[in-house]
Amino acid sequence: MQRTLVKAALAAEGPSDALRVQGWIRTRRDAKGLSFLELNDGSCLKNLQVLLEEGSPAYADHERYTTGSAIDVTGRLVASQGKGQSWELLADSIELVGAADSSYPLQKKRHTLEYLREIAHLRPRSNLFGAVFRMRSRLSFAIHQFFNERSFLYVHTPIITASDCEGAGEMFRVTTLDGKETDSKKDFFGKPTFLTVSGQLEAEIFATSHSNVYTFGPTFRAENSHTSRHASEFWMIEPEMAFCDLEGDMDLAEAFVKHLVADALEHCAEDLEFLNQFVDKGLLERLQFVVERPFQRITYYDAVELLQKSGKDFQYAVEKGANLQSEHERYLTEEHFKSPVTVYNYPKTVKPFYMRQNDDDATVAAMDVLVPGIGEIVGGSQREERLERLDAAIRAHDLDPEDYWWYRDLRRYGSVPHAGFGLGFERMLMFITGVHNIRDVIPFARTPGNAEF
RNA sequence: UGCUCGGUAGCUCAGUGGUAGAGCAGGUGGCUGUUAACCACUUGGUCGCAGGUUCAAAUCCUGCCCGAGCAGCCA
């Protein structure tokens, strides 16, 4: 008999004489002549109650059906006599596929997230992580759907790269040399290579051939960061659009964030309900707000002025020309606007070389989208498409134009205004699930000193 | 990398100088269409590691290890 998923069984419109389900037991409750199993197969948050009645062959071994065990059940789907579920499975036969003894680390009670992190191989079987990773999968799909609907080309940019694109922090070295050999000419690629910190520069190549493109893949940063919102390996979405300026870039970023939130509300309602109840009581209200209301936009200089006039006593003073501190960004999005806010036109001194210089000669066409509770979730810009200005910026950042020969070529042959951004997938997931630590929205977190699973 | 907080039973925690505790999990028995089931009894400890102070240290001091939070870097 073919397997039915728990999700489908629970959504049944009528009883069924023969149904087969397979999954893992969350808990068992025994009554006189009865045994109740909570069966979960990951297809949805809820369990299917499996009922074993004395006299049935399924009841005989009921004491072996312990928490964590894998079973294969055949029976009849019937209306439940008890409260709490409309359908339950009256078991005719059960096979114990894989037993789990009492050392099974997941108990039927609340565990701390820190403890669950230590058992990352088992935590997907918990309610919380079951929900988070279902949503991670759903939202990955929604990302492709969003871009596909807009005729964006999906580009696979390289994981191994020789270019330190942004000068963006420390990179992981990729090498086949043993420790003694230091001449990188003898290395596998004949030059120093690293794990990518961004697919942007390569995405720009495809934007100048296919117009609208995006990447969605893993990214690596060797920073020694110990925060709830940094990981050494994370996933990033980077759209890049030709014939597009900063305003078009901000429009897309805002539409994108809204699309993902709306998709979660529509397709992950049950999981979100659970997260709203057990992780963040304000979650659903906040997500609804984000979908319904327009994002705020403010220039960097206006933001600085607003912060200085706020009367708020910041630990770090707000200085024109300096980067905004986390506490400043938090004030803008959490206290002042109480909504997502896009800050744009930053001083060129605090931003990378590739961002397009504005006519004021002081700022670049950069933008950050800030959201309550997380901070920066999107960072993007219009790119410098004028070769002379790009070369000047490369030199001003103490970089060698020769190293960027192919990137510069894009400005020599059919250069067009173009723009893009990077959205941190895990940060987006944190925002949408209400989970406060980046280590808990990625299946196997890589952080300094931690690569166990 | 800097600052701060923490590490006690399988899990979640209380205990702040004087004989190591509770709830849950596990075990035994009972009860019940149960649903974080319930009731009674019960097993379970290198108090992170090493040193020091003291008649006496889970408790105070020092170093180290591990975890978390914040900051910086950024997504």
Side-chain angles (χ1 to χ4, degrees), chain A residues 26-39 46-54 63 66-68 78-85 88 90 101-119 126-127 166-171 197-200 216 218-238 253 278 314-316 322-330 350-352 368-371 374-380 421-431 436-442 447-450:
Chain A
R26 287 291 177 82
T27 182
R28 186 187 81 231
R29 293 178 294 270
D30 289 334
K32 190 176 186 91
L34 289 171
S35 191
F36 298 90
L37 306 180
E38 292 285 341
L39 188 77
K46 288 203 168 67
N47 306 318
L48 177 66
Q49 177 161 284
V50 177
L51 182 51
L52 321 188
E53 286 185 316
E54 195 164 21
E63 287 188 348
T66 50
T67 300
V78 299
S80 177
Q81 294 176 29
K83 291 171 187 163
Q85 63 279 318
E88 64 191 10
L90 194 54
D101 66 23
S102 66
S103 66
Y104 182 63
L106 279 174
Q107 299 175 2
K108 52 184 173 188
K109 64 164 215 169
R110 200 183 147 273
H111 290 287
T112 60
L113 295 172
E114 289 81 5
Y115 171 69
L116 290 166
R117 255 170 239 156
E118 292 169 7
I119 49 168
S126 67
N127 284 333
E166 304 187 39
E170 299 294 314
M171 302 178 81
V197 294
S198 166
Q200 180 201 318
F216 180 20
T219 301
F220 307 87
R221 306 267 165 101
E223 294 288 346
N224 193 10
S225 298
H226 291 100
T227 81
S228 56
R229 61 188 193 283
H230 288 87
S232 312
E233 177 182 306
F234 62 98
W235 285 62
M236 187 155 65
I237 299 104
E238 297 178 286
F278 291 101
F314 293 111
Q315 192 182 343
Y316 294 89
N323 234 330
L324 297 178
Q325 300 284 323
S326 286
E327 57 175 343
H328 304 149
E329 294 181 346
R330 270 206 311 276
V350 301
K351 290 294 183 183
D368 286 348
V369 177
L370 314 174
V371 297
I374 313 291
E376 185 177 344
I377 197 168
V378 168
F421 62 81
L423 179 141
F425 186 42
E426 283 76 19
R427 289 191 183 174
M428 190 70 215
L429 282 169
M430 289 167 71
F431 182 64
H436 303 293
N437 197 305
I438 197 167
R439 301 171 184 92
D440 299 327
V441 295
I442 189 165
T447 52
N450 194 339

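Within every chain, numbering begins at 1; the chains are lettered A, B, ... in the order of the sequence lines, protein sequences first and strands thereafter.
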Letter per nucleotide, 5' to 3', of nucleotides 33-39 of chain B [B base touched, S only sugar-phosphate touched, - untouched; heavy atoms, 4.0 Å]: BBBBB--
So, does [X] get its side chain near the phosphate of [N], meaning an N or O under 4.0 Å from OP1 or OP2?
X	N	result
Gln325(A)	G72(B)	yes
Arg439(A)	G69(B)	yes
Ser103(A)	G10(B)	no
Ser326(A)	G72(B)	yes
Ser228(A)	A68(B)	no

I'd like the [atom1] distance from [M] over to [N], given in whole Å.
N	M	atom1	result
G10(B)	G44(B)	C1'	9 Å
A20(B)	U59(B)	C1'	12 Å
C61(B)	G6(B)	P	11 Å

Whole-Å gap separating [atom2] ([N]) and [atom1] ([X]):
X	N	atom1	atom2	value
Glu63(A)	G26(B)	CD	P	12 Å
Glu327(A)	C3(B)	CD	P	19 Å
Tyr115(A)	A9(B)	OH	C1'	13 Å

Stacking of Phe234(A) on A75(B) base (centres under 5.5 Å, planes under 30°):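 Here the ring of Phe234(A) and the base of A75(B) are stacked, with centres under 5.5 Å and planes under 30°.
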Any-strand Watson-Crick or G-U partner of A36(B), both distances under 3.5 Å: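 Pairing partner: none.
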Donor-acceptor pair under 3.5 Å, Glu118(A) side chain vs G67(B) base: no
No-H, no-angle donor-acceptor pair, His226(A) side chain to U1(B) base, under 3.5 Å: yes
Using a heavy-atom cut-off of 4.0 Å across all strands, would you classify [X] as base, sugar-phosphate, or nothing?
X	result
Leu106(A)	nothing
Ser102(A)	sugar-phosphate
Tyr316(A)	sugar-phosphate

No-hydrogen, no-angle side-chain donor-acceptor test under 3.5 Å, Ser228(A) and Asn437(A):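 Their side chains do not contain a donor-acceptor pair, so the 3.5 Å distance test is not met.
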Electrostatic pair Glu38(A):Arg29(A) at N-O distance under 4.0 angstrom: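 Salt bridge: yes.
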